[in-house]
Amino acid sequence: MRSNVGSGESASTQSPPNPSSQKAERPPVLKKFKAIEPDDPRPTPHFPGPLFPAVRRVTSLPPSSNRRASFDTDADKPSSVGDVTASNLNNIDVVNSLSDRDWMYPSFLGPHAVRNRVVPVKAASRQPIRGGGERLVDRVESKVVDEKQLSNTPVNKEEVKIVAGQVSTTMTERSSVSSWSARRILRMKLKRYFIFSVIIFSCIYPLTYVIHLRNKVERLEVENINLRRWCSETDVGNYSNDFLQPEDDSSYKIFGNADSKTVALYTVMFTLMMPFVLYKCLDYLPQIKIISKRTKPNKEEVPLKKRIAYMVDVCFSVYPYAKLLALLFATIFLIGFGGLALYAVTDGSLTEALWLSWTFVADSGNHADSTGIGPRIVSVSISSGGMLIFAMMLGLVSDAISEKVDSLRKGKSEVIEKNHMLILGWSDKLGSLLKQLAIANKSVGGGVVVVLAERDKEEMEMEIAKLEFDFMGTSVICRSGSPLILADLKKVSVSKARAIIVLATDENADQSDARALRVVLSLTGVKEGLRGHVVVEMSDLDNEPLVKLVGGDLIETVVAHDVIGRLMIQCALQPGLAQIWEDILGFENDEFYIKRWPELDGMQFEDVLISFPDAIPCGVKVAADNGKIILNPDDSYVLKEGDEVLVIAEDDDTYSPGPLPEVRRVSFPKVPELPKYPERILFCGWRRDIHDMIMVLEAFLAPGSELWMFNEVTEKERERKLIDGGLDISALENIKLVHREGNAVIRRHLESLPLETFDSILILADESLEDSVVHSDSRSLATLLLIRDIQSKRLPYRDTKSTSLRLAGFTHSSWIREMQQASDKSIIISEILDSRTRNLVSVSRISDYVLSNELVSMALAMVAEDKQINRVLEELFAEEGNEMCIKPAEFYLFDQEELCFYEIMIRGRQRQEIVIGYRLANSERAIINPPKKSEQRKWSLDDVFVVISSGS
C-alpha cells in the first residue's frame, strides 16, 4: 500500500530517465543514518511529548559486517551496461528506506501514506572519471537490492527506473553545463590567438613583401644595366637606349640608390611600427608566457599595460629630473630617426640628413624648401614632432618656474642667515614679541627675525603687516613648516641662530607644554648643534622641570601663566607697579643689561653704584661662583677680575663708567617699616595655577587676611584641585579662604558679594575660556563693568570711616591715595590677554591696572637677548628674596629738601635698598634711571620712589 502510493506520486512528478547519458559526476557521499540493530542490547531512546510518546522505530538492517561486505563487493565489480540495468532496480529501495527514516507513525491516528523522498545528489567539485555515472547507479541499486531482500520489503520496478533515470538526467545536465563552459573558454582563447596572429601577420607580411619587391627591383635594375651594356656593344639605336632608361620619378627615389638607404628606410619603418604593435600585444605577452610554460593563468595578475603605466608614474614621481630626461630622449630620438628617414629618401649623406632633421626640429618652418613627396612627408613629420617637443619643453619650463615661485610664495626655500633670531610657533604674543625685538635691534641698525610656523607664508606676512609697526630696519622672514621636523629646522638655519624662542600654542596648558617638549627634543637632535640658547614659553609651572631636564643648560623657560599671576598679586598689593614693570621689561625705555668693566675691578659696590651717569647698577655677576647673579649686594662687596655689573640702562651702548662724583654722604634717620595689616581680597574666576597665587599671598599678606574666591567651581571641587596642586589648606596661617559660588557675568550673583569692602579685586581669566583669548577678555571686561557699576551705587551707603588700613603707610602720598580711593576705594586688577583689549580698557579708565600677554612677550624678548636676565626676573617675581617696591618719599628725605638723585641713592643704601627711579606727585608716569643724577632739586613728601628691596 505504501509502495504503491509512493510510486504513483513519483510517476506523476518525475521525468523519464535519459538512457543516453554516459557521463556522470563524482558519486556523492551519502549521509549516514543512525539505525539500531535488532540484537542491540541498548534501550531505544524516545522523546516524550504532551499528547503521545514518539516511538523510535527499529530498522531491520543487516549487520555492519554484511553491509560493509556488500559495499566492497559492489565496488569491486566492473562497470557495464548490464550492471547499470540491474543496479537501477535496487536504487528505489534506498530512497524508500531513506525517506522512511527511523520514525513509525502511531497506529491510533489512522492510516498514513508515506511519500518517497528523492535524495538530491550534490555535484562534486572535480570532474568524474570515465564510467563514474554507471558505477554510481550500479552501486546504489546493488545496495538497495541487498537491503530489501534482507528486510523482506517489496520492490516496485517502475519506481526503480524513475529514480535511476532522474539521477542520470541530473548528471547529464551538469556534465552538459560544464562541457559548454569549457567550449566557451576554448572559443575565447582561439579568438584571442587568432587576433594576435592576424596582428603579427599584418606587421610582418608588409615588411616581407616590401623586401621582396625591393629585391625584384634590384634584379630588374641589374638586368636593365646589362641590357643597356649589351645594346651599346651591339650598336643598338638610340631609341632603344631611351626606351630602356628608368623613369625619373620622384616617388621612385623614396627607396634611394644605395643599400645603406634601404637599411635606413627599413629601420625607420620597423621602429615606427613596433610601438603600435607592442601596445596592441602587451596584454597577450603574459598569455604567451603562460602557454609556453604550460602553467595555469592567475586571475589576480595585473595587466602588463597597467604595470608599465604604474612604473612610469613612479619614475616621474620619485625622480624630479625624469621628465626632463624623457624630453631629451624624445628629442634625440626624433632627430636620429628623422635623420635616418631623410637619409633614406634624399640623396645627401647621413650627416647632412641629421643636421637637416635638427633644423626641422628647432624651426618648423624650414621644411617648406623640401621637394619631392618622400622628403616632404618626412620633413612635415619631423616638424610636427619638433612642435610637440617644443610645446612639452615650454610646459616643463613653465611648470618648473611656477613650482619655484610657488615654493618661494609658500616659504619652502632655505634661509641663508646667521646670528639671527628664530621664533618657532605662532600665537597672539607674536606681534608684541616682534615689536620688542625690533626695538632691541635698533641700536645695531636692525637685524633679522625668522618665524617658522605651521601656517601659510602669505597668511603670516599679512598678519604681520596688520601690526602697522615700523620695524626700524629689522627684517622679518616667514617660513612655513613644522618645528618638529628636522628638515624644516635646517631650512631656517637653526644651528646659526643666536637665540631661539619657542612660543606656546593656543591649546590647553598640557597640550601646549607637551608640544614645547617635543620641539625641544627636535632641537637637541640637530646634528650641527645650536649656537644660541633656547627660550621656551611654558603654560604650566609643573611642567617646567621636565623641559629643563631634556634641554639642559641651553634651555631658559618663561612660565607665562605664573608671570601674569605673580604680577597681578604684586600690583594688587602695590598700586602703580604694573606701569613700572612695563617700562623695565620693554625695550622702549630702560631695561637690564650685564656687562664687564675691567676699570671697576677692586672697587666697592657703594662706589660702583654712583660710577655710571647714565645707568643704575643693581647687582653683580660673580665669576668665582659660576656666574651667579647677586641682586642688591652689600656695599662692602669688592669687584674682582671677571665680575660683571648688572645695570638698568636705556641700551647696551648708552652707558659707561665715569669718574666718581662728589656726593654728600649725610645720614638720614631711618623710618621704620609700618606693620602689615589684614586685607580682604576677591578673586573672580578660576585659574589653573590658583594654588600658586594663594601661596604668594600667604607670604605677602598679614595674619587675619581674607581671600574670597568667587567662581562657578563647586566648593568640593575647589578643595580637590587645590590639594592636587600641592596646597595644604590647613597650613595657611595668614589668610582665610572664603568660598562663594556664582557666575561673574550675572549681576544678581555679583550683588550678593560685599564688593565695597574689598581692598583689591582680581578679575582672572577663567580656566574654562583660556583657549579662546577673545571670549576670555570679553568675560573679564563684562565682569569689570558690572563690579564698577555696583560699587558706584553702593558708595553713599558705605561707612566713610572704614578706610583701608593700608593707607596709613602712605599718608603723604597723594598719588597712591588717589589710586586706592578711585572707584569706591577698591583696586581692580583685570587680566586681559589680548593687547588690543588692553588698550581699550586703559583708554576708558574703568580699571586701575591691566596686565596682558604683552608683559610675557617683553620677558621673552629680554631673555632671548640675554639669557642671564632670566635669573634676575625669577628672583624679582618670587615671593622670597629681592623684590621691586614702591616706597614713600618720607623714607629718604624731608619735605621740600633739596637733593640730587645720587644722594637719595646713598640714603637708600642705608635701608639696604637700591633706588632706581621716582614718580613726582604731579606726574602721570614714573621715571626709571633718571638723567642728570647730579642735579639738585626739591622733593615733596607726595613723591614716591621705586626701589629694589631685599624684603627683610
Side-chain angles (χ1 to χ4, degrees), residues 574-577 579-580 583-584 589-590 600 603-619 632-636 645 647-650 654-674 807-820 884-950:
Q574 301 186 55
L577 197 59
Q579 176 258 321
I580 297 172
D583 292 343
I584 292 179
N589 298 300
D590 295 85
L600 299 180
M603 294 181 59
Q604 293 184 349
F605 184 76
E606 61 178 356
D607 296 330
V608 174
L609 190 64
I610 57 176
S611 297
F612 293 89
D614 300 316
I616 297 180
C618 300
N632 191 14
D634 295 334
D635 290 341
S636 60
V645 181
V647 301
I648 295 179
E650 184 179 358
T654 59
Y655 72 99
S656 61
L660 291 177
E662 294 182 2
V663 181
R664 294 177 301 172
R665 299 179 181 269
V666 179
S667 61
F668 183 79
K670 184 177 182 180
V671 179
E673 294 280 352
L674 295 177
L807 297 177
F810 302 95
T811 55
H812 299 286
S813 177
S814 61
W815 174 60
I816 298 179
R817 184 170 61 252
E818 288 176 358
M819 286 191 300
Q820 287 183 333
M884 194 171 297
C885 304
I886 297 177
K887 296 295 181 71
E890 59 187 17
F891 286 177
Y892 311 101
L893 49 85
F894 298 103
D895 190 19
Q896 300 300 320
E897 185 177 4
E898 189 173 351
L899 298 170
C900 68
F901 191 76
Y902 279 137
E903 294 174 346
I904 297 178
M905 292 176 65
I906 292 175
R907 292 185 180 183
R909 294 303 299 165
Q910 298 176 9
R911 304 175 59 87
Q912 198 61 31
E913 297 172 350
I914 298 178
V915 182
I916 63 175
Y918 61 88
R919 179 170 179 176
L920 301 178
N922 56 357
S923 177
E924 294 182 358
R925 298 186 65 87
I927 299 176
I928 305 299
N929 183 27
K932 300 179 181 180
K933 298 180 179 62
S934 301
E935 182 179 350
Q936 299 285 330
R937 61 169 303 165
K938 290 184 179 181
W939 301 90
S940 170
L941 292 181
D942 292 333
D943 301 332
V944 294
F945 291 91
V946 182
V947 302
I948 295 178
S949 175
S950 60

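Each residue takes its place number in the sequence, starting with 1. Only a predicted model underlies this, so the values are computations on that prediction, with no experimental measurement involved.
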Within this structure, what is the CD1-CD1 distance for the pair I948 and I616, rounded to the nearest 0.5 Å?
9.0 Å

Working to the nearest 0.5 Å, report the span between CD of E903 and CD of E898.
9.5 Å

Measure across Y902 and P661 and return the closest heavy-atom pair with its distance rounded to 0.1 Å.
CE1-CG, 3.7 Å

Check S656 against P613 and note the closest heavy-atom contact, atom names and distance.
O-CD, 3.6 Å

Nearest heavy-atom contact between F612 and P617 is CD1-CG, 3.6 Å

Audit row: W939, Y892, ring-ring contact (aromatic ring centres under 6.0 Å, His included) steps and yes/no
CA-CA 10 Å; W939 301 90; Y892 311 101; over 10 Å; no

Are any of the side-chain heavy atoms of S923 and D943 separated by less than 4.5 Å?
no

Is there side-chain contact between L893 and L941, with heavy atoms separated by less than 4.5 Å?
yes

Locate the shortest heavy-atom distance separating D635 from Q604; write the atom from each residue and the value.
O-CB, 3.5 Å

Atom CD1 in I610, atom CE in M905: separation rounded to 0.5 Å?
8.0 Å

So how far is it from F605 CZ to S636 OG, rounded to the nearest 0.5 Å?
11.0 Å

Would you mind telling me which of I916, V915, I886 makes a side chain to side chain contact (heavy atoms under 4.5 Å, CB included) with F945?
V915

Taking the side chain as every heavy atom from C-beta outward, state whether L920 and R937 have any atom pair closer than 4.5 Å.
yes

Is the closest basic N to carboxylate O distance between R665 and D607 below 4.0 Å?
yes

Between Q912 and N632, is the side-chain contact (heavy atoms from CB on, under 4.5 Å) condition met? List the steps.
CA-CA 8 Å; Q912 198 61 31; N632 191 14; 3.9 Å; yes

Does any non-hydrogen side-chain atom of M884 lie less than 4.5 Å from one of V946?
yes

Sidechain N-carboxylate O distance under 4.0 Å for E913, K887:
yes

Given 3.5 Å as the limit, does a donor-acceptor pair link the side chain of D590 with the main chain of E650, or not?
yes

Tell me if a side-chain donor or acceptor on R911 pairs with a main-chain N or O of V671 at a distance below 3.5 Å.
yes

Around atom CD of E662, are there more than 12 heavy atoms of other residues, nucleotides or ligands at under 6.0 Å?
no

Can you name the closest pair of heavy atoms from K933 and P930 and give their distance?
NZ-O, 2.9 Å

SG on C618 to CD1 on I914, rounded to 0.5 Å
5.5 Å

Within this structure, what is the CD-CD1 distance for the pair E606 and I906, rounded to the nearest 0.5 Å?
8.5 Å

Just wondering, do C900 and Q936 contact through their side chains at under 4.5 Å, heavy atoms?
yes

Test V645 against L600 for side-chain contact (heavy atoms from CB on, under 4.5 Å), laying out the working first.
CA-CA 9 Å; V645 181; L600 299 180; 4.1 Å; yes

Side chain proximity check, D614 to P931, heavy atoms < 4.5 angstrom:
no

Which atom of S940 lies closest to which atom of A889, heavy atoms considered
O-CB, 3.5 Å

Mind checking whether F668 and F891 have ring centres under 6.0 Å apart?
no

Mind checking whether R925 and D583 have side chains closer than 4.5 Å, heavy atoms only?
yes

